[in-house]
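Reading through the structure tokens given below for one structure.
Note that the numbering runs from 1 along the sequence shown for the chain.
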Amino acid sequence: MIEVEIKLPVRDRRNLQKKLEEDGFVKSHLVRETDRYFNGVDRDFKKTDEAFRIRKTEWLERSALKEDSVLTGDVPEQTTYITYKGPKLGNVGMSREELETTVGDAKVMREILISLGYRPVQSVVKTRQYYSHKDMTACVDQVEGLGDYLELEVLVDAEGERPQALKRIKEQLKKLGYSMGETTRISYLSMLEENVKMKR
């Protein structure tokens, strides 16, 4: 899968959430995500523009949607994922190839990676409110140490579908009162690492 995504800082989070609902987005689940990032064994992921992490997701509020997948079966209070993201595609937005799967134990997975030579780096912690409208996902994030951000995302199967998905995201962004000029291609991880450098 390729995630076609844009990200930008938010001026007024509550007003944004109101506009999302007015535009047809349905409020879904609220989670707390703790991302522990790792650097590569054979290469520096910062230089190659890749990302590799373990994500612990804690469910704070369940979705009220009957069709929402998080309500099916016996869902635990928290879930752990391991995720690889390839280099950014194109010159606009945060589009990348993404590979992700669940793992049973975050601590054990972390120890496995360290044993294999992967080096833990900065963690990113955020509270994320999900919204959905057709095949588009909106995430309103409160990132510890950074503030409020919006992510808009559409998943596509092939690179050829990316331009049309990005066009739709641009149109939605305009409806919300923002522009592509306000978006950033800098990850939360890089922002936090830069903050640490500035404090030294």
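- The pair E159-R162 meets the salt-bridge criterion, since a charged nitrogen lies less than 4.0 angstrom from a carboxylate oxygen.
- With K175 contributing its side chain and K170 its backbone, the two residues share no donor-acceptor pair below 3.5 Å.
- Linking ILVMFWY residues whenever their side-chain heavy atoms come closer than 4.5 Å, directly or via other members, places L89 and V4 in the same cluster.
- In terms of hydrophobic clustering, with Ile, Leu, Val, Met, Phe, Trp and Tyr side chains grouped at heavy-atom distances under 4.5 Å, F38 and V196 are assigned to different clusters.
- Here the closest non-hydrogen pair linking W59 and H29 is CZ3-CD2, 3.1 Å.
- Side chains of N195 and L146 form a contact here, defined as non-hydrogen atoms less than 4.5 Å apart.
- Y149 approaches K7 most closely through the heavy-atom pair CD2-CG, 4.1 Å.
- Side-chain contact check for V125 versus R32: some heavy-atom pair is nearer than 4.5 Å.
- The side-chain heavy atoms of T102 and T80, taken from C-beta on, include no pair separated by under 4.5 Å.
- Using bins of under 30°, 30° to 60° and over 60° for the plane-to-plane angle, the ring pair F52/Y118 lands in the tilted bin.
- Smallest separation of non-hydrogen atoms from S123 and L192: O-CD1, 3.7 Å.
- Counted within 6.0 Å of CG on N91, heavy atoms from surrounding residues, nucleotides or ligands total 12 or fewer; the atom is thus considered open.
- With values rounded to the nearest 0.5 angstrom, T183 atom OG1 is found 11.0 Å from E5 atom CD.
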Derivation and outcome, side-chain contact (heavy atoms from CB on, under 4.5 Å), residues I82 and M109: CA-CA 9 Å; I82 189 164; M109 189 72 247; 4.0 Å; yes

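- In the displayed structure, I186 atom CD1 is contacted under 6.0 Å by at most 12 heavy atoms of other residues, nucleotides or ligands.
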Intermediate values then yes/no, side-chain hydrogen bond (donor to acceptor under 3.5 Å, both in side chains), Y131 and Q17: CA-CA 9 Å; Y131 292 83; Q17 290 175 302; 3.3 Å; yes

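- For the pairing with C139, the side chain to side chain contact (heavy atoms under 4.5 Å, CB included) check across Q129, E151, E153 returns one residue only, E151.
- V108 and I114 end up in the same hydrophobic cluster when Ile, Leu, Val, Met, Phe, Trp and Tyr side chains are linked at under 4.5 Å.
- Under the 4.5 Å side-chain heavy-atom criterion for grouping Ile, Leu, Val, Met, Phe, Trp and Tyr, L150 is connected to M180 within one hydrophobic cluster.
- Tested against D141, the residues R13, K126, R128 include a single side-chain hydrogen bond (donor to acceptor under 3.5 Å, both in side chains) partner, R128.
- Side-chain atoms of S190 do not come within 3.5 Å of backbone N or O of S187 as any donor-acceptor pair.
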Check against side-chain contact (heavy atoms from CB on, under 4.5 Å), K56 and Q78: CA-CA 7 Å; K56 183 176 72 172; Q78 64 181 45; 3.6 Å; yes

Steps toward side-chain hydrogen bond (donor to acceptor under 3.5 Å, both in side chains) verdict (Y84, E50): CA-CA 8 Å; Y84 164 79; E50 297 170 282; 2.6 Å; yes

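- A salt bridge links D135 to R168: one of the charged nitrogens lies within less than 4.0 Å of a carboxylate oxygen.
- A search for side-chain contact (heavy atoms from CB on, under 4.5 Å) contacts involving E182 returns L8, R11, Y178, S179, not counting sequence neighbours.
- Side-chain contact between Q122 and R36: absent, with no pair of heavy atoms (C-beta onward) separated by less than 4.5 Å.
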R55 and T57: CA distance, side-chain angles, deciding distance, side-chain contact (heavy atoms from CB on, under 4.5 Å) verdict: CA-CA 6 Å; R55 167 174 287 176; T57 298; 3.6 Å; yes

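- Not one N or O on the side chain of Q172 forms a donor-acceptor pair closer than 3.5 Å with the backbone of I169.
- With contacts defined as side-chain heavy-atom distances shorter than 4.5 Å, the pair F45/Y37 does not qualify.
- Linking Ile, Leu, Val, Met, Phe, Trp and Tyr residues whenever their side-chain heavy atoms come within less than 4.5 Å leaves M1 and L166 in two separate clusters.
- Heavy atoms only, all atoms of each residue included: P87 and T48 are closest at CG-O, 3.6 Å.
- Two residues are said to be in side-chain contact when any heavy atoms from C-beta on lie closer than 4.5 Å; I6 and M94 fail this criterion.
- The two residues V41 and G117 come nearest to each other via the heavy atoms CG2-C, 3.6 Å.
- To the nearest 0.5 Å, atoms CG (L189) and CG (D35) are separated by 9.0 Å.
- L113 has its side chain within reach of I54: a pair of non-hydrogen atoms, C-beta onward, lies under 4.5 Å apart.
- Summarising the geometry, atom OG1 belonging to T34 is positioned 11.5 Å from atom CZ belonging to R53; distances are rounded to the nearest 0.5 Å.
- Between E3 and the choices R96, K85, K88, the salt bridge (charged side-chain N to carboxylate O under 4.0 Å, His left out) rule is met once, by K85.
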T127/L60 under side-chain contact (heavy atoms from CB on, under 4.5 Å): CA gap, chis, key distance, verdict: CA-CA 9 Å; T127 301; L60 303 179; 4.1 Å; yes

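- Looking at every heavy atom in both residues, G177 comes nearest to K19 through CA-NZ, 4.4 Å.
- Taken from NZ in K46 to CG in D49, the straight-line distance is 11.0 Å, to the nearest 0.5 Å.
- Contact of the D157 side chain with the I2 side chain is not registered, since no non-hydrogen atoms from C-beta on lie closer than 4.5 Å.
- Annotation: the span from L152 atom CG to E171 atom CD amounts to 12.0 Å, rounded to 0.5 Å.
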